[in-house]
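What follows is a set of notes on a single structure, which appears directly below.
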Amino acid sequence: MNFYDSEKMTDLLKPHGYQLDEHEDDADLIVLNTCHIREKAVEKTYSELGRIRDKINIRKAITGKRSIVAVAGCVAQAQGKEIMKRSPWVDIVVGPQSYQNLPELIAKVDPVNKNKNINIEFPTIPKFDQINANIQERGPSAFLTIQEGCDKFCTFCVVPYTRGAEYSRPLTSIIDEAKKLIDIGVREITLLGQNVNAWNSKGLNNEDWGLGKLIDELAKINELKFIRYTTSHPLDMDVELIKSHRDNKKLMPYLHLPAQSGSDYILKMMNRKHTAKEYLRIIEKVREYSPKIAISGDFIVGFPGETDKDHKLTLSLIKQVNYAQAYSFKYSKRPGTPGSVFLNHVNEDTKNCRLYEIQELLRSQQLAFNKKTINSIIKVLVLKKGKKKNQYIGRSPFNQSVYFSSLNESLIGSFIDLNITEAFQNSLTGNIVSDF
Ligand code: SAM
Ligand code: SF4
């Protein structure tokens, strides 16, 4: 979602004379878009700010020009005043619900004196109306935020505090953005939300719609070929959406459905509101409708109170699901969340051992999933050139990176059938069967 927000900031600033620069050395404006989900990401913000201070000082000394520094995203939301105090060279702090105001905030920065601008409100007028106006360049694949915030309050998570209450963007605004993306050459859209499958809104004829209906509506856009969504919550995985995986050929056979833990005790302490068995039942249902679907997930290792027995239950759930790919993280204490004051925090060594065990298992499952595609023909969307001569990188319906070679110079954005010849941990290689 930060990637999407960064693209939107670029779009917003273009009419004001800014253009994207790969390097900060001679940038008039540096925007650091931050993440607050784990402590490591917060530490990174402050170390990046130190690096940026050095860059802007060097620029000032050489050219006499002063760079404006803005901090955006969830660290800005949670620690705005702290950032200003610890990093006085920062001019602007802007939260994820207020970045549509970035051009105004920049205009207010005094080029000589250092006046500070903080904007971390949750405005009542949705920002989407403002950020949708001027969509600039995208590749063949783009993100589209349809839902933000969260009302579920898992005890480990900062999202409800930094991104605010659950908000579903209206249907017309989403369709409008999707069509704009198609007009500039996008062929694959990934719908985004902290709980994307909690999306609900009034549909056509004023009916209540969920994500499944929205996807079916988007699929009517002819040039849009691949549709994805992330991240889903197990409780919002309704039958309509599950059926879309079977019936809607444009919806990719890939589901990212975080489990977090395989232990009912830990799930209860996390306030996930489902048991391991209920999670497995959802996966079973999804596979009943869409047998070849690639299942992905998230796991938190070492949540307070997690015992060896709880950890083994997580390993057992992973074995039962057999993931195509999944993410796992050490529990990170987040200020202000209930989990941070729970007793029985797990020590770092234990967390490291458990994480290693989980990741080894997930790695072996991912490799096995990838190997199953050898000798099959897979349609990929060509995303970009690779590092090697004549090499391209595409994405498979199962969300795998696929490398192939072609002398054709203009394949980016097209769909190509590849015969898969080799499979690795994180990628596949293939040969062209046909272009279409
Ligand atoms: N809403 C999705 C759900 O509930 O399944 C997940 C979205 S959350 C923004 C992304 C992932 O970050 C979570 O699934 C979780 O695994 C991880 N995460 C969140 N808070 C964390 C924490 N305090 N420590 C470690 N990982 C965390
Ligand atoms: Fe965070 Fe997801 Fe839980 Fe919401 S449902 S609090 S986003 S982990």
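Model, not experiment: these values are computed from the prediction.
Checked by atom type and distance alone, the side chain of D238 pairs as donor or acceptor with a backbone atom of L241 at under 3.5 Å. Although no hydrogens or angles enter the test, the distance criterion places no donor-acceptor pair under 3.5 Å between the side chain of S427 and the main chain of F424. Of the possible donor and acceptor atoms, one in the side chain of S396 sits under 3.5 Å from a partner among the backbone N and O of Q400. At least one donor-acceptor pair closer than 3.5 Å links the side chain of S261 to the backbone N or O of S263. No donor-acceptor pair under 3.5 Å is formed between the side chain of Q77 and the backbone N or O of V94.
A salt bridge links K213 to E240: at least one charged side-chain nitrogen sits closer than 4.0 Å to a carboxylate oxygen. The residues R51 and E48 are annotated as salt-bridged, a charged nitrogen and a carboxylate oxygen being separated by less than 4.0 angstrom. Salt-bridge annotation for K268 and D264: absent, with no side-chain N of the basic residue lying under 4.0 Å from a carboxylate O of the acidic one. Using a 4.0 Å cut-off between charged nitrogen and carboxylate oxygen, D5 and R163 count as a salt-bridge pair. Using a cut-off of 4.0 Å between Lys/Arg side-chain N and Asp/Glu carboxylate O, K152 and D236 are scored as salt-bridged. D308 and R354 are joined by a salt bridge, as a carboxylate oxygen and a charged side-chain nitrogen come within less than 4.0 angstrom of each other. Between R281 and E278, no side-chain nitrogen of the basic residue sits less than 4.0 Å from a carboxylate oxygen of the acidic one, so the salt-bridge criterion is not met. At a threshold of 4.0 Å, the pair K351-E348 counts as salt-bridged, since one of the basic side-chain nitrogens sits closer than that to a carboxylate oxygen.
In this structure, M1 and Q194 have side chains that are in contact, with non-hydrogen atoms separated by less than 4.5 Å. Put simply, the side chain of Q366 does not reach to within 4.5 Å of the side chain of Y323, judged on heavy atoms. With a 4.5 Å cut-off on side-chain heavy atoms, L428 and S401 do not count as touching. Within the 4.5 Å cutoff, the side chain of D208 has heavy atoms near those of the K202 side chain. At a threshold of 4.5 Å between non-hydrogen side-chain atoms, the residues L12 and Y99 count as touching.
The line from NE2 of H245 to OH of Y289 is 13.0 Å long, rounded to the nearest 0.5 Å. We find the CD1-CG distance between I293 and L255 to be 5.0 Å, quoted to the nearest 0.5 Å. Residue M84 holds its CE atom at 12.0 Å from CH2 of W89, rounded to the nearest 0.5 Å. To the nearest 0.5 Å, the span separating NZ on K8 from CG on L13 amounts to 13.0 Å. The line from CG of N33 to OG1 of T45 is 9.5 Å long, rounded to the nearest 0.5 Å. A distance of 7.0 Å separates OG of S168 from CH2 of W199, quoted to the nearest 0.5 Å.
Cation-pi check for R86 over Y46 is met; the charged atom lies under 6.0 angstrom from the ring centroid and within 45 degrees of its normal. Stacking of R334 on the aromatic ring of F156 is not recorded, the 6.0 Å distance cut-off and the 45° axial limit not both being met.
Around the NZ atom of K40, the shell of radius 6.0 Å holds no more than 12 heavy atoms that belong to other residues, nucleotides or ligands. Within 6.0 Å of CD on Q19 lie no more than 12 heavy atoms contributed by other residues, nucleotides or ligands. Residue-environment remark: OH (Y254) exceeds the threshold of 12 foreign heavy atoms within 6.0 Å. The number of heavy atoms from other shown groups lying within 6.0 Å of NZ (K371) does not exceed 12. Y356 OH: 12 or fewer foreign heavy atoms inside a 6.0 Å radius.
Outside the 6.0 Å centre-distance limit, the rings of H311 and Y331 are not counted as a close aromatic pair. For F369 and F398, the distance between ring centers is under 6.0 angstrom.
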Note to self: Test ring pair (Phe, Tyr, Trp, His ring centres under 6.0 Å) on Y229 and H256; report intermediate values, then the result.
What the structure shows: CA-CA 8 Å; Y229 59 94; H256 181 71; 9.9 Å; no
Next item on the list: Would you check, one step at a time, whether the test salt bridge (charged side-chain N to carboxylate O under 4.0 Å, His left out) holds for R246 with E288?
Entry: CA-CA 9 Å; R246 179 192 62 189; E288 190 187 310; over 6 Å; no
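Using cut-offs of 30° and 60° on the angle between ring planes, the pair F153 and Y161 is perpendicular.
A side chain to side chain contact (heavy atoms under 4.5 Å, CB included) with F329 holds for exactly one of L355, D298, I37; it is D298. Here the options are R395, K225, R138, K379, the test is salt bridge (charged side-chain N to carboxylate O under 4.0 Å, His left out), and the partner is E188; only R395 passes.
Taking both residues in full, the closest heavy atoms of S232 and P258 are given as O-CD, 3.0 Å, listed atom of the first, atom of the second, then distance.
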